[in-house]
Amino acid sequence: LATGAAFWHNAIVAEVYTLAAMLVAFTMAALISWGRTGDRRRLYMACGWFAAGLGNHLTIAGVAPAALVYGIVRDRRVLATRVIGAAALIGLLGMAQYGYVVVRTFQHAPHLEARATNLSEIADILVARHQADVRFQYSLRTIVTERIGLLVGAIRDDMGTIGLALL
């Protein structure tokens, strides 16, 4: 990331991506710190950073599988009911941030990107249902014959041939 122009371009733009990257970094740092010390407070701190990230941008959800595997491999006691319950409660508190959308909807606030008056509409926001017409718009053949080449080219342009090879 340190050498990627796309990362730095997004890091200096007032958008959700900079905060999202920071929250992923904080989540991972707290998780690794817990792994080294065994201090459960650090595990819950990682859960807190992750939960905060859920309210910022759902791309942080991509970290969850690796974090879960790491946690289970590092200490199987993370599967204890008490730990799972605490982590779930922290996650729910993070998701409660979406309540702000409901409040602002009922206030008839201008300039809302999304509006919601119930849980179903919040779920629509979470899964980006308003963008459903543009998701999965490419066939497998188009992805293989065109899109992958464009992605590799963009990565090469951004990181250079050595960066692409290292990736």
Item checked: salt bridge (charged side-chain N to carboxylate O under 4.0 Å, His left out) contacts in which one or both residues fall within residues 150-159, not counting sequence neighbours -> none
Contacts of type salt bridge (charged side-chain N to carboxylate O under 4.0 Å, His left out), residue [X], not counting sequence neighbours:
X	value
Arg77	Asp75
Arg40	none
Asp39	Arg41, Arg42

Could you tell me which residues satisfy side-chain contact (heavy atoms from CB on, under 4.5 Å) with [X], sequence neighbours excluded, listed by chain and number?
X	answer
Leu54	Phe50, Leu58, Ile60, Met95
Ser139	Arg141, Thr142
Ala21	Phe7
Leu92	none

Notebook entry, point to check: Given the rule that I, L, V, M, F, W and Y join up when any side-chain heavy atoms are under 4.5 Å apart, are Leu79 and Leu43 in one cluster?
Noted result: yes
Check: Taking a hydrophobic cluster as the set of Ile, Leu, Val, Met, Phe, Trp and Tyr residues connected by side-chain heavy atoms closer than 4.5 Å, whether directly or through intermediates, do Tyr44 and Tyr70 fall within one such cluster?
Finding: yes
Taking all heavy atoms of [X] and all of [Y], pick out the closest pair and write down the distance.
X	Y	result
Leu23	Thr27	O-OG1, 2.7 Å
Ala46	Leu31	CB-N, 3.7 Å
His111	Arg115	N-NH2, 4.4 Å

Suppose the criterion is side chain to side chain donor-acceptor pair (under 3.5 Å): which pairs have a residue in [range], not counting sequence neighbours?
range	answer
residues 117-128	Thr117-Glu121, Asp124-Arg129
residues 56-68	His57-Thr59
residues 81-107	Arg104-Gln107

Notebook entry, point to check: After noting the C-alpha distance and the side-chain angles of Ile125 and Val101, does the key distance pass the side-chain contact (heavy atoms from CB on, under 4.5 Å) rule?
Noted result: CA-CA 10 Å; Ile125 293 169; Val101 175; 3.8 Å; yes
For the [atom1] atom on [X], are there more than 12 heavy atoms of other groups (residues, nucleotides or ligands in this structure) within a distance under 6.0 Å?
X	atom1	answer
Leu166	CG	yes
Tyr17	OH	no
Ile162	CD1	no

Check: Met22 versus Thr18: any side-chain heavy-atom pair under 4.5 Å?
Finding: no
Check: With side chains defined as the heavy atoms from C-beta onward, is the minimum distance between Val78 and Trp34 less than 4.5 Å?
Finding: yes
Checklist line | Ile155 vs Leu151, side-chain contact (heavy atoms from CB on, under 4.5 Å): CA-CA, chis, key distance, verdict | finding: CA-CA 6 Å; Ile155 293 170; Leu151 176 63; 4.0 Å; yes
Checklist line | Results of ring pair (Phe, Tyr, Trp, His ring centres under 6.0 Å) for Phe26 - residues two or more places apart only | finding: Trp49
Item checked: Spacing of CD1 belonging to Ile84 relative to SG belonging to Cys47, to within rounding of 0.5 Å -> 10.5 Å
